[in-house]
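To keep things clear, I will list the structure first and then write my remarks on it.
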Amino acid sequence: MDGGGGVTAILRETLGVLAAMPGVRAALAATTSDGLPAATVAAFDVDADALAAFATAVPNRTRRANAAAGYGDTRHLSLDAEQGRLFVATEGELALVVLAERDAAAGLVRV
């Protein structure tokens, strides 16, 4: 796991717990302003930089759409695809990102 200077031990522990869940391929924290990973636990075949960039861009775009519709801020986003799922939760300048196989326990990951 890579750690940035501002990443707390609790966040690192949380990423480790998420990454240890069955079916989770990656868990990372990324900065929402630039889409760079601050801390990562990922399978060897996951490009953490690309995942962080994508996972922070999508909520930024939905945030603008929600604001235009008067729905408020986007706090949590879940994308379901044929072969997997992407979960993104944002709080301030940090996004918590989980990439999981389709059969991973989505409810546990969201909690």
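Every heavy atom of this structure was used, including side-chain atoms; hydrogens, water molecules and symmetry mates were not.
In plain terms, the two heavy atoms of Ala48 and Pro37 that are nearest each other are O-CG, 4.2 Å. Contact detail for Pro59 and Ala55: the closest heavy-atom pair is CD-O, 2.8 Å. Considering every non-hydrogen atom in both Ala89 and His76, the closest pair reads CB-CD2, 4.0 Å. Closest non-hydrogen pair, Ala30 versus Thr56, comes out as CB-CG2, 3.8 Å.
The salt bridge (charged side-chain N to carboxylate O under 4.0 Å, His left out) search around Asp45 returns Arg25, not counting sequence neighbours. For Arg64, the salt bridge (charged side-chain N to carboxylate O under 4.0 Å, His left out) test picks out no residue, with sequence neighbours left out. Scored by the salt bridge (charged side-chain N to carboxylate O under 4.0 Å, His left out) test, Glu82 finds no partners at all (sequence neighbours excluded).
Annotation: Arg75, atom CZ; neighbour count of heavy atoms from other residues, nucleotides and ligands within 6.0 Å does not exceed 12.
Criterion: ILVMFWY side-chain heavy atoms under 4.5 Å apart, direct or through other members. Under it, Leu11 and Val17 are not part of a common hydrophobic cluster. The hydrophobic cluster containing Leu96 also contains Val24, counting ILVMFWY residues as joined when their side-chain heavy atoms lie under 4.5 angstrom apart, directly or transitively. Hydrophobic clustering keeps Met21 apart from Leu99 (ILVMFWY residues linked when any side-chain heavy atoms are closer than 4.5 Å, directly or through intermediates). Following chains of ILVMFWY side-chain contacts shorter than 4.5 Å, one can reach Phe87 starting from Leu18, so the two form part of one hydrophobic cluster. Each of Val98 and Phe54 belongs to its own hydrophobic cluster when Ile, Leu, Val, Met, Phe, Trp and Tyr are linked at side-chain heavy-atom distances under 4.5 angstrom.
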Q: Step by step, work out the side-chain hydrogen bond (donor to acceptor under 3.5 Å, both in side chains) result for Glu93 and Ser33.
A: CA-CA 7 Å; Glu93 283 294 309; Ser33 59; 3.3 Å; yes
**Q.** From CA spacing to verdict: side-chain contact (heavy atoms from CB on, under 4.5 Å), Val46, Thr40
**A.** CA-CA 10 Å; Val46 174; Thr40 304; over 6 Å; no
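Checking each of Val88, Thr62, Thr90 against Thr74 for a side-chain contact (heavy atoms from CB on, under 4.5 Å) leaves exactly one that passes, namely Thr62.
Side-chain contact check for Asp49 versus Leu36: every heavy-atom pair is 4.5 Å or farther apart. A heavy-atom distance below 4.5 Å is not found between the side chains of Val58 and Leu86. Between Thr32 and Leu94, every side-chain heavy-atom pair lies at or beyond the 4.5 Å cut-off.
Note that CD of Gln83 and CG of Asp103 are 10.0 Å apart. Values are rounded to the nearest 0.5 Å.
Side chain to side chain, Arg63 and Asn66 fail the donor-acceptor criterion of an N or O pair below 3.5 Å.
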